[in-house]
Novice: 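Okay, handing you the structure first.
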There are 10 protein chains.
Amino acid sequence: MSLYAVRMDVAIPDDLDPQIRAETIAREKAYSQDLQRSGEWVHIWRCAGQYSNISIFDVPDNERLHEILWGLPLFKYMTMDVTPLATHPSDIRA
Amino acid sequence: MSLYAVRMDVAIPDDLDPQIRAETIAREKAYSQDLQRSGEWVHIWRCAGQYSNISIFDVPDNERLHEILWGLPLFKYMTMDVTPLATHPSDIRA
Amino acid sequence: MSLYAVRMDVAIPDDLDPQIRAETIAREKAYSQDLQRSGEWVHIWRCAGQYSNISIFDVPDNERLHEILWGLPLFKYMTMDVTPLATHPSDIRA
Amino acid sequence: MSLYAVRMDVAIPDDLDPQIRAETIAREKAYSQDLQRSGEWVHIWRCAGQYSNISIFDVPDNERLHEILWGLPLFKYMTMDVTPLATHPSDIRA
Amino acid sequence: MSLYAVRMDVAIPDDLDPQIRAETIAREKAYSQDLQRSGEWVHIWRCAGQYSNISIFDVPDNERLHEILWGLPLFKYMTMDVTPLATHPSDIRA
Amino acid sequence: MSLYAVRMDVAIPDDLDPQIRAETIAREKAYSQDLQRSGEWVHIWRCAGQYSNISIFDVPDNERLHEILWGLPLFKYMTMDVTPLATHPSDIRA
Amino acid sequence: MSLYAVRMDVAIPDDLDPQIRAETIAREKAYSQDLQRSGEWVHIWRCAGQYSNISIFDVPDNERLHEILWGLPLFKYMTMDVTPLATHPSDIRA
Amino acid sequence: MSLYAVRMDVAIPDDLDPQIRAETIAREKAYSQDLQRSGEWVHIWRCAGQYSNISIFDVPDNERLHEILWGLPLFKYMTMDVTPLATHPSDIRA
Amino acid sequence: MSLYAVRMDVAIPDDLDPQIRAETIAREKAYSQDLQRSGEWVHIWRCAGQYSNISIFDVPDNERLHEILWGLPLFKYMTMDVTPLATHPSDIRA
Amino acid sequence: MSLYAVRMDVAIPDDLDPQIRAETIAREKAYSQDLQRSGEWVHIWRCAGQYSNISIFDVPDNERLHEILWGLPLFKYMTMDVTPLATHPSDIRA
């Protein structure tokens, strides 16, 4: 298993049909919550004042990370910054 | 209480006395672990392949965040990137 | 309570309906002034020669800061740069 | 009179003599506080987690702003970002 | 009085109505020349090979600088970089 | 198993003792070749005209990638850029 | 023969006709696979979480590299970063 | 006479009428070739894998350089990077 | 004749011998003033709050510009940004 | 054969022994002139006002380009930017 920090910056086009917009955001929420419940999407925080989130994923490998991110309903409106993580020697739980 | 994501990039000068270096790193570890045990330093991960970490802090306010970071034994060798966090509407624990 | 400096750069699309534009800017002004009167939006300055402002907020925590910024009528046309602030040791009022 | 926002990032060399360092920081503090008392250095905030400050100056013109900043005891260790400010149309005090 | 160097990069949308485009550019020219004649817009140079100019303004304060730049007919198509200037100690006219 | 592309930019201080320099580079070469033979360091190419390489690693997880990179004899003189890789749908070997 | 690492970031406009989009992506795949079979497009990896790939080309010269990249069906939607490669002295196959 | 290196990055909008596009590119080619024949446009190279060129101009002064670049049929779709050149002391032809 | 805007950012090493420092700055001033008197160094302004200047040169060609800048006593401590200028169509003196 | 544009920015440490400095620069000049005479180093221009050059190389492949640049006496003090070139369709000599 590997951990990853991912920052997602969202930029939905201003002229997107409002209903499609609402439906896509609803699907995004359900998609994220399913993965949170299954344990692969460990944390999701809003960056204060930004249409962005910082998330932590705990998945078997890079393939699975890519599969999850690629499948995000808002993927095409997102800019991704992916940082692979390892155990820190100061971590009291390590 | 407020959450913050902080990325710390460490660059210790090559000519630092090895003993001072070792002692400073040991103090850094103890300092971090004390704050992890008290619950203010919630997570610390190593960025794979980098002398850097991504940490999550849960503190009363900006003052306390600054006090903690300013007091890091390695502070003067670090570049900090601080992101204040808020609850994400998709968070199942929110 | 925590202080934050926020720089907001505004880029309204050139083809936005002029009436919607005018109404949105009017709502933005009222929204800002209400928060100035309530004491949470402490300062707002125009960056000379730019469609940008630098503002200071005094709010309970990151959640409240996010709630305020996310609710800005012009939010979707803004790029935000958020800097959490603490007391400076040279501040004569500290 | 003109207002300016100035961000100062401080990087004191690691090998500076500790006494000179302490004296310079003390002189910096006195210098800043004199200007705060005279009303030209209106605000100074620490950027949380950084050896940086964001300050607001209220001075007659660019000449005076330069004179103040150039005279800072820590000037040669600082990187400056200067933003001239104007009245914002939403400012309730304008 | 304060001097400012301002670089203006112009990006007019490709689909702007040609007549509106021509009229706006004509108004921009008249606006600039009026201010040159009144002595506030001291210099304007074209950056060779770019749709950009570097200009020098001599105005009472930041307010007036902002008023002039905000009023530019091409303002909404411009990216501005503003540098407040002071007397240089090597200037033979100082 | 996961693949990673890593770009390493090397900057050895000019005043490093020549013998230490030579020994470190020799150890770096042996370290790399051992990992190439064991199959974890799949490719290493020199970036033409730069003291840099682009390498491909095939390792069990982020922990192992970090362990390898952290152990590089030249690690403290390197700037790392790590990109986790996944199978491309156009890859004929996928 | 020369080797090159090329990173391709893809940004297909949101309003592209879905059928044209699908056809272009299919042509892109066939184009890439033909060159993989002929031995000039040596590797193609997906950057995890990004609409991007890192590829390795082995071609006679810069002319041929340009001919291949320019002919990509998705070329006009791509941002390219090209790094010419040489043999690394630590490469065990060199 | 002065030499200049100019890098031109071309980004033609995806929705430009194909006939106008073709005509503009044809005019661009003729324009460039006329100036090559007259000796002012000394070199033009394609940047491999990019819709970009690096060109060398040999013209009387900045005015003439600007006149040439401003007149390019593709000018409004180009981003320019202009570097004025001088004789290098190692040049065997100097 | 050609005009150029040049921004010079100065960073004198902290450990430079104070006498050499003072002499170099004095020579820089004399050098600049000689060229101002001869008419080639047309303007020099201090960037407020920065150890930087913005200057305008009026010289025969790129060779002469290079000769002047290369000869600056502080040249090796300066970062230069050179912008060749042309006549602006709105310039009332053009 | 392949063409490359290479920009070399030179930063020789201020404390380098003057004689070593002079000898290295002399060797650099001889090295460059030998390659100019042999026809591989086709052009070298000084960037006006900068300790930088833009050069054009005409060599068999990436290996040879790397060999030449790596062998530069000033290599360790240089930052390199390498752009592989191809024939431009507007080149009258193509």
Side-chain angles (χ1 to χ4, degrees), chain C residues 3-37 41-58 69 72-83 85 88 90-91, chain E residues 1-21 23-25 27-28 31-32 35 40-44 51-86:
Chain C
L3 288 167
Y4 302 84
V6 181
R7 178 175 170 134
M8 309 179 201
D9 296 301
V10 187
I12 302 177
D14 196 36
D15 59 357
L16 188 66
D17 178 87
Q19 190 170 340
I20 292 178
R21 181 191 180 99
E23 285 170 6
T24 309
I25 291 175
R27 284 195 293 123
E28 178 84 13
K29 185 171 183 173
Y31 182 93
S32 170
Q33 296 194 330
D34 284 352
L35 288 161
Q36 288 179 60
R37 288 192 195 94
W41 195 323
V42 185
H43 295 287
I44 180 168
W45 298 287
R46 174 66 81 205
C47 301
Q50 319 250 1
Y51 197 170
S52 305
N53 74 73
I54 291 178
S55 291
I56 307 293
F57 293 89
D58 185 2
L69 297 178
L72 286 163
L74 287 172
F75 180 76
K76 67 179 167 181
Y77 304 128
M78 286 173 157
T79 302
M80 297 286 187
D81 184 37
V82 178
T83 306
L85 302 175
H88 194 284
S90 299
D91 189 342
Chain E
M1 298 299 285
S2 286
L3 287 167
Y4 303 84
V6 181
R7 178 174 170 135
M8 309 178 200
D9 297 300
V10 187
I12 301 176
D14 196 36
D15 59 357
L16 188 66
D17 178 86
Q19 191 169 339
I20 293 176
R21 181 192 181 100
E23 286 170 5
T24 310
I25 291 175
R27 284 195 293 125
E28 177 85 13
Y31 182 94
S32 170
L35 288 161
E40 290 188 308
W41 195 322
V42 185
H43 295 287
I44 180 169
Y51 196 171
S52 306
N53 74 73
I54 292 177
S55 290
I56 306 293
F57 292 89
D58 184 3
V59 291
D61 52 23
N62 293 346
E63 293 297 340
R64 180 58 184 148
L65 177 73
H66 181 65
E67 186 181 41
I68 288 173
L69 297 179
W70 188 265
L72 285 163
L74 287 172
F75 180 76
K76 66 178 167 181
Y77 304 128
M78 286 173 157
T79 303
M80 297 288 187
D81 183 37
V82 177
T83 305
L85 302 174

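Order of the sequence lines sets the chain letters (A, B, ...), proteins ahead of strands, with each chain counted from 1. For the numbers below, each heavy atom of this structure counts, side chains included, while hydrogens, waters and symmetry mates do not.
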Novice: Closest heavy-atom contact between C:Y51 and E:F75?
Specialist: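 Taking C:Y51 first and E:F75 second, the nearest heavy atoms are N-CZ, 3.9 Å.
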
Novice: Taking atom CZ of C:R46 and atom CD of E:E67, what is their separation to the nearest 0.5 Å?
Specialist: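 Rounded to the nearest 0.5 Å, the CZ-CD separation comes out at 13.0 Å.
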
Novice: Taking all non-hydrogen atoms of both residues into account, name the closest pair between C:A48 and E:V82 and its distance.
Specialist: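 Smallest interatomic distance, heavy atoms only, reads O-CG2, 3.7 Å.
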
